[in-house]
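Notes to accompany the following structure.
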Protein chains: 2
Amino acid sequence: MPNRYNGAIMATRTRRSGSQLSPDQIIEAVLRIAERGGSDAFTVRRLGEELGADPTAIYRHFRDKDELLLSVADRAFGEAIDGIPAGLGWKDRLRALAAGSLRVALKYPVVVSMTASRTTRREREFLIVEFILECVHEAGLEGGEAALLYRSFGDALLAFIGQTAAFRLFDPDVQAGDLAAWAREYRTLDPARFPHITRLSDELAAVDEQEIFDVRVEAMVSEIERRAALTSRRRAAPAPEEPSEQA
Amino acid sequence: MPNRYNGAIMATRTRRSGSQLSPDQIIEAVLRIAERGGSDAFTVRRLGEELGADPTAIYRHFRDKDELLLSVADRAFGEAIDGIPAGLGWKDRLRALAAGSLRVALKYPVVVSMTASRTTRREREFLIVEFILECVHEAGLEGGEAALLYRSFGDALLAFIGQTAAFRLFDPDVQAGDLAAWAREYRTLDPARFPHITRLSDELAAVDEQEIFDVRVEAMVSEIERRAALTSRRRAAPAPEEPSEQA
DNA sequence: CCGGAGAGCGCAACACCGTTGACAACAGTG
DNA sequence: CACTGTTGTCAACGGTGTTGCGCTCTCCGG
């Protein structure tokens, strides 16, 4: 029998006249699915269901699933940068970008976890790159040093949200098991072999995810600031000893 | 019932002469495959081929592919910590751990990319946790602050090597495309809309991956140092203003 | 010394995945 | 009206992880 997703037979037939599917409609369907579902949410067949169309209809609008994914990701990342208020200093702008990115990762975990080591090369990616470069520039970095710290910050942020998103995709059982490990298994290790773990087992179990996020963001912000201070100092007093900023 | 908590029973019971497969043999076969192959290297059927056995034979020794993966990952991460020389300061020990982890990620990309947001809860993971905690302790952090910075460093490291490994797994075409984007597409953007990108396009294309790695590791090391300095200062002179480390 | 028990493996099959090629129905154009 | 190109449907292909069944062969108790 034709079309086993039955509710939609007549609809597809009649609406067949115009093109019922558009790239935007498909992208939005993916975002809807991603927002609802777990790790297996974004499959071609499920997307067909969501659209009330044959799964393979997508291939009329996107070369393959990967191209669709990148388009979806670009749309999603747009949300990360949207709500950033103007008039903030470069540090707070970077912090706001990080917070927005994390928000997106928690909203569309499937999409973010599949994209976090990719380059979309689309409109909104350029916007974010420009955004970070502007911050780095305002911090006082130039040329190769600015490029390096942009890449470091951007990659670090992407890695973090990708990691977070991927974790949220595991079965609740696996997630719970991983989290409980801190409270259960680490506490019962041999204190002779693992003195620090056993001593800190309570504190290890109590660490807050949000705090980890803040530490990692702050580490990158401070690193940018530190390197900016170094270059400006070098510019002011040319060629002293490379100041060894540690013990 | 098959023997799912591998190793232990086999060891106590006299070893069956007829059984050709052991958990260790399987783990090593996976490592061999992972070292050779790309993203599709670690499949059950390929593993069967490598072992010269039926693919499903694995399920007599591991509950499912995931349990096998975690065992393999634990073995692999052992290599990260093995070659770290004694007698280094905490900073250099953390740097050595990071370098070793990156080495492992490049050696077994499939394994690392599949594990980077997981917890193996196995022997060698505990060793690495203890290792980092010892460094953080030596840096001067205690209690909840030590736990927090351990988690931040560990997760950041895991995220980075996972991201790197995942990238190496893409088709060479995709990899080349992503890398070339910096040199090609970013250069042709509209300078009015993207002034920083176009101004720095040459430097962006020239950024070295190893430098990014160093920046990100150094950022975390510095953050640990910074927070350690704050707590010790707080301990020396209790409850002043939170010292804002200059704008 | 023998026979049952059960571990280890092979095989076929299942449900799912992304993707392709052939075909049908429609829109727009001459 | 006929033609052409676009878009949706459908069946099918090769891939994945996993399971149930049956065979073999080792081990252990009698």
Side-chain angles (χ1 to χ4, degrees), chain A residues 1-26 29-30 33 37-70 72 110 114 169-171 174, chain B residues 1-26 29-30 33 37-70 72 110 114 169-171 174:
Chain A
M1 285 323 179
N3 195 348
R4 55 176 58 96
Y5 311 107
N6 28 47
I9 295 182
M10 289 312 285
T12 53
R13 269 293 164 86
T14 52
R15 251 190 299 155
R16 178 71 164 287
S17 46
S19 77
Q20 52 173 320
L21 258 42
S22 71
D24 275 343
Q25 278 177 321
I26 296 175
V30 174
I33 292 179
S39 68
D40 54 346
F42 182 21
T43 71
V44 176
R45 284 170 174 82
R46 253 179 241 275
L47 178 54
E49 231 172 281
E50 174 75 22
L51 287 165
D54 189 273
T56 62
I58 307 151
Y59 291 91
R60 300 290 163 193
H61 302 272
F62 295 92
R63 193 185 328 110
D64 53 21
K65 197 191 171 189
D66 191 66
E67 194 200 329
L68 170 57
L69 170 70
L70 291 183
V72 172
V110 196
M114 293 175 75
L169 288 179
F170 290 121
D171 301 19
V174 177
Chain B
M1 282 304 168
N3 169 13
R4 53 174 54 109
Y5 293 102
N6 46 69
I9 296 184
M10 285 292 295
T12 57
R13 207 177 284 231
T14 50
R15 215 205 151 86
R16 306 185 54 128
S17 60
S19 85
Q20 312 136 12
L21 258 43
S22 72
D24 275 343
Q25 280 177 320
I26 296 175
V30 175
I33 291 179
S39 67
D40 55 346
F42 181 23
T43 72
V44 177
R45 284 169 175 82
R46 292 268 265 260
L47 177 54
E49 226 174 283
E50 174 74 22
L51 287 165
D54 188 273
T56 64
I58 305 150
Y59 291 90
R60 301 290 151 186
H61 303 273
F62 296 92
R63 192 187 327 111
D64 53 21
K65 197 191 172 187
D66 191 66
E67 194 201 327
L68 171 57
L69 170 68
L70 291 183
V72 171
V110 195
M114 293 174 74
L169 288 179
F170 290 122
D171 301 19
V174 177

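Throughout, a chain's letter reflects where its sequence line sits, starting with A, and its residues are numbered from 1.
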#### Entry: salt bridge (charged side-chain N to carboxylate O under 4.0 Å, His left out) involving B/Asp64 - partner list, sequence neighbours excluded
none
### Task
Please report the shortest heavy-atom distance between A/Ala57 and A/Leu21, naming the atom on each side.
CB-CD2, 3.8 Å
#### Entry: Length of the line joining A/Tyr59:OH and C/dG18:P, which is rounded to integer Å
7 Å
#### Entry: Partner set under salt bridge (charged side-chain N to carboxylate O under 4.0 Å, His left out) for B/Glu49, not counting sequence neighbours
none
### Query
In chain order, what residues pass the salt bridge (charged side-chain N to carboxylate O under 4.0 Å, His left out) check against A/Asp24, with sequence neighbours excluded?
A/Arg75
### Task
Report the nucleotide, chosen from D/dT7, C/dG10, C/dC17, that has the shortest atom-to-atom distance to any side-chain atom of B/Arg60.
C/dG10
### Query
A/Arg46: what forms a salt bridge (charged side-chain N to carboxylate O under 4.0 Å, His left out) with it, not counting sequence neighbours?
A/Asp40
### Query
Could a donor-acceptor pair under 3.5 angstrom be found where the side chain of B/Arg45 meets the base of D/dG15?
no
### Message
Expressed as a whole number of angstroms, how long is the span from A/Leu47:CG to D/dT9:P?
### Response
12 Å
### Query
Taking DNA chain C as the partner, which of residues 48-56 of chain B come within under 4.0 angstrom of it by heavy atom?
B/Ala53, B/Asp54, B/Thr56
### Message
Between C1' on C/dT20 and CZ on A/Phe62, what's the gap in Å once rounded to a whole number?
### Response
19 Å
### Query
Taking NE2 from B/His61 and P from C/dA7, how many angstroms apart are they, rounded to a whole number?
12 Å
#### Entry: Nearest to side-chain heavy atoms of B/Lys65, which nucleotide of C/dC17, C/dC9, D/dG17
D/dG17
### Task
To the nearest Å, give me how far apart CG (A/Leu68) and P (C/dG18) are.
11 Å
### Query
Which sits closer to the 5' end of DNA chain C, B/Ala57 or A/Val44, going by the nucleotide each is nearest to?
B/Ala57
### Task
Check side chain to side chain contact (heavy atoms under 4.5 Å, CB included) between A/Thr56 and all other residues, then give those that pass, not counting sequence neighbours.
A/Asp54, A/Tyr59
